Amino acid sequence: MSSLRDRIEGLRKAFEESARKAGDARALEELRNAFLGRKKGHVTLLFEDLKSVPAGEKREAGQLINELKDFVQEWLRQKAASGVASVSGGGSITTHGYKTEGGTDLTLPGRKRYVGTPHPLTLFEQEIERVFLGMGFTIEEGPEIETDYYNFEALNFPPYHPARDKWDTLFIKGDLLLRTHTSPVQVRVMERSKPPIRIICPGRVFRHETPDPTHLPMFMQVEGLVVDEGVTFAHLKGTLEYFLRALFGEKVKVRFRPSFFPFTEPSAEVDIECIVCGGRDAACRVCGGTGWKEILGSGMVHPQVLKNVNIDPEKYSGWAFGLGIDRTAMLALGIPEMRYFYENDLRFLRQFGTK
Ligand code: FA5
């Protein structure tokens with residue numbers, strides 16, 4: 001027993017001496033292996049030798065070995081906690097004693113990395129496109145910076161016409177302006193193609209507007225245009241009702257209301273039931289308590305517009321619509337504020353698409 005006691009005392013001194021010299025994480029790790037290593041560590045071997053200690057002395061011997069083990073472990077723990085463990089270059093040890101690469105603590109929980117997803121308005125626009133592509137429409141685009149001619153004049157707004165006031169325009173310079181609607185794309189497409197025409201044109205539009213829950217100075221529209229022989233208002237109504245049912249479900253309540261646009265005659269605006277309050281909140285900031293919200297303007301293409309692009313109005317007729325994507329999306333998704341779409345708050349955006 002006394003020889004075992006001497007051995008333990010000798011090992012403690014040897015550990016203290018080596019520990020004083022151990023200046024970095026690698027040396028500490030070596031020390032740990034030398035004393036606590038699972039096969040040949042000094043302390044491990046002492047436990048092996050315990051098997052041959054006479055039964056009467058086993059308890060005391062085991063206690064002495066455990067004290068040495070605790071001493072070594074506690075010393076290493078304190079050293080690691082004091083920062084030596086984070087010494088860089090190759091492996092290091094953590095406070096838990098796990099070997100790591102380049103100072104990384106493998107025992108810490110992982111960091112969640114978020115994968116980017118399309119913006120909810122992009123997803124909604126794709127949904128709209130899917131329905132119209134299914135009906136044989138094709139997709140066209142036009143410039144966001146337009147001339148007065150395409151944004152107004154070709155659409156039957158003569159200069160100084162009072163209807164221009166409805167589209168509060170952001171002018172750039174001279175004849176150039178930020179398009180106030182996607183209708184100029186109708187004109188560009190009709191100029192370069194012959195009927196039959198069946199297109200939609202999604203894009204950004206700009207107006208000098210004060211933002212509120214359902215109005216923004218920059219928003220998205222999708223234009224639709226059909227020109228062919230024998231096209232009637234019934235086609236317009238049937239197509240838009242089919243489209244809105246595909247988007248909102250079979251039970252959606254929709255109403256057509258007479259309206260005025262210089263480039264369509266007759267014209268109608270389409271309202272959808274207020275999905276935010278269901279018409280039950282007199283103070284609803286989305287529908288103002290009416291229970292309805294306008295989502296699009298539409299009508300039969302004015303004969304003057306067809307003449308402007310050299311399409312014979314005696315032979316051909318057409319219908320068109322312009323839908324607010326942001327406003328329709330807010331109703332479809334039950335969002336009470338259109339501004340949420342543009343605030344880039346990840347807590348809002350992560351609710352859409354794949355997480
Ligand atoms: C137009 O812009 C016409 N060009 C629509 C049209 C096209 C009529 C083809 C006939 C034929 P209006 O200004 O009403 O019309 O806008 C159409 C839709 O855009 C609105 O119903 C609404 O959904 C959306 N919208 C209008 N102003 C804003 C705004 N400030 N913020 C967000 N959405 C808006």
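Values below: every heavy atom of this structure, side chains too, minus hydrogens, waters and symmetry copies. Numbering of ligands and ligand atoms starts at 1, following listing order. Keep in mind the model is a prediction, meaning the values are calculated, not measured.
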Requested in this report: Run the ring-centre check on Trp167 versus Phe152 and record whether the distance is less than 6.0 Å.
Outcome: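 They do not qualify: ring centres at least 6.0 Å apart.
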
Report task. Would you list the pairs meeting salt bridge (charged side-chain N to carboxylate O under 4.0 Å, His left out) in which at least one residue belongs to residues 276-293, sequence neighbours left out? Result ->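 Found Arg285-Glu337.
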
Query raised in the report: Quick one: salt bridge (charged side-chain N to carboxylate O under 4.0 Å, His left out) partners of Arg347, sequence neighbours excluded?
Result: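 Here the qualifying residues are Asp345.
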
**Report entry** Pairing residues for Glu146 by the salt bridge (charged side-chain N to carboxylate O under 4.0 Å, His left out) criterion, not counting sequence neighbours
**Finding:** Arg188

Sub-3.5 Å pairs, protein N or O with ligand 1 N or O:
from: ligand 1; atom 1: 2 (O); to: Trp167; atom 2: NE1; distance (Å): 3.4
from: ligand 1; atom 1: 2 (O); to: Arg207; atom 2: NH2; distance (Å): 2.9
from: ligand 1; atom 1: 2 (O); to: Gln221; atom 2: NE2; distance (Å): 3.1
from: ligand 1; atom 1: 4 (N); to: His181; atom 2: ND1; distance (Å): 2.9
from: ligand 1; atom 1: 4 (N); to: Ser183; atom 2: OG; distance (Å): 2.9
from: ligand 1; atom 1: 13 (O); to: Arg207; atom 2: NH1; distance (Å): 2.9
from: ligand 1; atom 1: 13 (O); to: Arg207; atom 2: NH2; distance (Å): 3.0
from: ligand 1; atom 1: 14 (O); to: Lys166; atom 2: NZ; distance (Å): 3.2
from: ligand 1; atom 1: 14 (O); to: Glu294; atom 2: OE2; distance (Å): 3.4
from: ligand 1; atom 1: 16 (O); to: Gln221; atom 2: NE2; distance (Å): 3.3
from: ligand 1; atom 1: 19 (O); to: Gln221; atom 2: NE2; distance (Å): 3.2
from: ligand 1; atom 1: 21 (O); to: Glu294; atom 2: OE2; distance (Å): 2.4
from: ligand 1; atom 1: 21 (O); to: Ile295; atom 2: O; distance (Å): 3.2
from: ligand 1; atom 1: 21 (O); to: Leu296; atom 2: N; distance (Å): 3.2
from: ligand 1; atom 1: 23 (O); to: Ile295; atom 2: O; distance (Å): 2.9
from: ligand 1; atom 1: 23 (O); to: Gly324; atom 2: N; distance (Å): 3.4
from: ligand 1; atom 1: 27 (N); to: Arg207; atom 2: NH1; distance (Å): 3.3
from: ligand 1; atom 1: 30 (N); to: Glu209; atom 2: OE2; distance (Å): 3.2
from: ligand 1; atom 1: 30 (N); to: Leu216; atom 2: N; distance (Å): 3.4
from: ligand 1; atom 1: 30 (N); to: Leu216; atom 2: O; distance (Å): 3.0
from: ligand 1; atom 1: 31 (N); to: Leu216; atom 2: N; distance (Å): 2.9

**Report entry** Step-by-step side-chain hydrogen bond (donor to acceptor under 3.5 Å, both in side chains) determination, Glu29 to Asn33
**Finding:** CA-CA 6 Å; Glu29 181 68 352; Asn33 275 335; 4.5 Å; no

**Report entry** In one Ile/Leu/Val/Met/Phe/Trp/Tyr side-chain cluster, 4.5 Å: Phe233, Leu296
**Finding:**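 Yes, same cluster.
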
